[in-house]
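Quick notes on the structure that follows.
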Amino acid sequence: SQQGEEDPQALSIQEGENATMNCSYKTSINNLQWYRQNSGRGLVHLILIRSNEREKHSGRLRVTLDTSKKSSSLLITASRAADTASYFCATDPETGFQKLVFGTGTRLLVSP
Amino acid sequence: EAGVAQSPRYKIIEKRQSVAFWCNPISGHATLYWYQQILGQGPKLLIQFQNNGVVDDSQLPKDRFSAERLKGVDSTLKIQPAKLEDSAVYLCASSLEGGRTDTQYFGPGTRLTVL
């Protein structure tokens with residue numbers, strides 16, 4: 001079953017605008033990761049945030065994590081057409097072996 | 001470095017037929033994963049290998065799916081017999097050691113259509 005649920009399901013913006021997508025999950029986690037998937041490059045890891053971290057940056061990406069609300073957000077600043085893709089959050093549940101449980105994804109369309 | 005290789009890229013079969021997918025992980029990666037991604041959903045883990053041993057196969061439908069990783073390198077995922085609901089993209093991924101913060105690197109996937 002899917003652990004996470006992304007919101008919105010789809011997002012359409014213009015180049016240069018910021019895009020924010022949210023992820024909610026159900027169980028306690030070790031870490032949360034964001035992945036991007038497009039037809040050209042497949043599924044690619046973007047960023048990992050540990051359960052004891054609240055915010056992390058990587059280039060134009062900013063991720064926040066609120067473990068009390070079991071939610072995370074991914075902000076892409078100054079979006080480009082090349083950012084068009086589906087974005088998935090993936091959680092590593094606290095118990096057992098490392099195991100990524102993916103959410104349902106947000107489809108982002110960035111228009112020139 | 002070379003990425004995760006998968007073949008075939010596309011496969012169309014009729015229900016009740018058998019099919020096999022092949023994966024070659026990144027050289028030196030001990031952990032190998034097979035995921036099933038149904039259209040419109042996120043990937044779902046089917047099985048995880050650490051070297052040539054199974055770590056987690058709790059979501060593998062064992063009545064029809066099987067997987068092996070001989071010699072701890074390449075892996076094969078088989079479906080026998082296939083059902084209509086098996087239509088999906090099958091993704092293979094690998095990571096260095098399967099550690100909690102290891103990055104998983106994904107292959108291009110095999111798109112299976114069951115008619």
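Numbers restart at 1 for each chain; the letters A, B, ... are given by sequence-line order, proteins then strands.
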For B:Lys71, does the NZ atom sit with more than 12 other heavy atoms under 6.0 Å from it, leaving out its own atoms? no
For chain B, the option from A:Gln33, A:Glu6, A:His45 that forms the most heavy-atom pairs under 4.5 Å: A:His45
Honestly, the part of A:Gln9 sitting under 4.5 Å from a heavy atom of chain B is neither
The ring-ring contact (aromatic ring centres under 6.0 Å, His included) partner of A:Tyr35 among B:Tyr35, B:Tyr105, B:Phe106 is B:Phe106
Checking salt bridge (charged side-chain N to carboxylate O under 4.0 Å, His left out) between A:Lys99 and each of B:Asp102, B:Asp57, B:Asp56, which is the one that passes? B:Asp56
If one checks every heavy atom of A:Leu43 against chain B at 4.5 Å, the contacting part turns out to be both
Are A:Leu11 and A:Val63 connected in a single hydrophobic cluster, I mean Ile/Leu/Val/Met/Phe/Trp/Tyr linked by side-chain heavy atoms less than 4.5 Å apart? yes
Atom group of B:Gln37 that falls short of 4.5 Å from chain A, counting heavy atoms: side chain
Can you name the closest pair of heavy atoms from B:Arg100 and A:Asn30 and give their distance? NE-ND2, 2.9 Å
Taking atom CG of B:Leu39 as the centre, does the number of heavy atoms from other residues, nucleotides or ligands within less than 6.0 Å exceed 12? no
With only heavy atoms counted, which part of A:Arg50 is less than 4.5 Å from chain B, the side chain, the backbone, both or neither? side chain
Heavy-atom pair count under 4.5 Å with chain A, highest-scoring of B:Ser95, B:Gly107, B:Gly99: B:Gly99
A quick test of your reading: do over 12 heavy atoms of other residues, nucleotides or ligands sit less than 6.0 Å from NZ of A:Lys56? yes
Under a 4.5 Å side-chain heavy-atom rule over Ile, Leu, Val, Met, Phe, Trp and Tyr, are B:Leu46 and B:Ile38 clustered together? no
Please check if A:Leu46 and A:Ile29 belong to a single hydrophobic cluster, counting links between Ile, Leu, Val, Met, Phe, Trp and Tyr side chain heavy atoms closer than 4.5 Å. yes
Cluster link B:Leu45 to B:Phe49, ILVMFWY, side chain under 4.5 Å: no
Verify same cluster id: B:Ile13, B:Phe21 (apolar side-chain graph, 4.5 Å): yes
Which distance, rounded to the nearest 0.5 Å, do you find between the CG of A:Leu100 and the NZ of B:Lys44? 15.5 Å
Are more than 12 heavy atoms, taken from residues, nucleotides or ligands other than B:Gln80, located less than 6.0 Å from that residue's CD atom? no
Which atoms of A:Gln37 are under 4.5 Å from chain B, going by heavy atoms: the side chain, the backbone, both sets, or neither? side chain
Where does B:Thr101 contact chain A at under 4.5 Å (heavy atoms): side chain, backbone, both or neither? both
Can you see which heavy atom on B:Gly42 is nearest to which on A:Phe88, and at what distance? CA-CE2, 3.4 Å
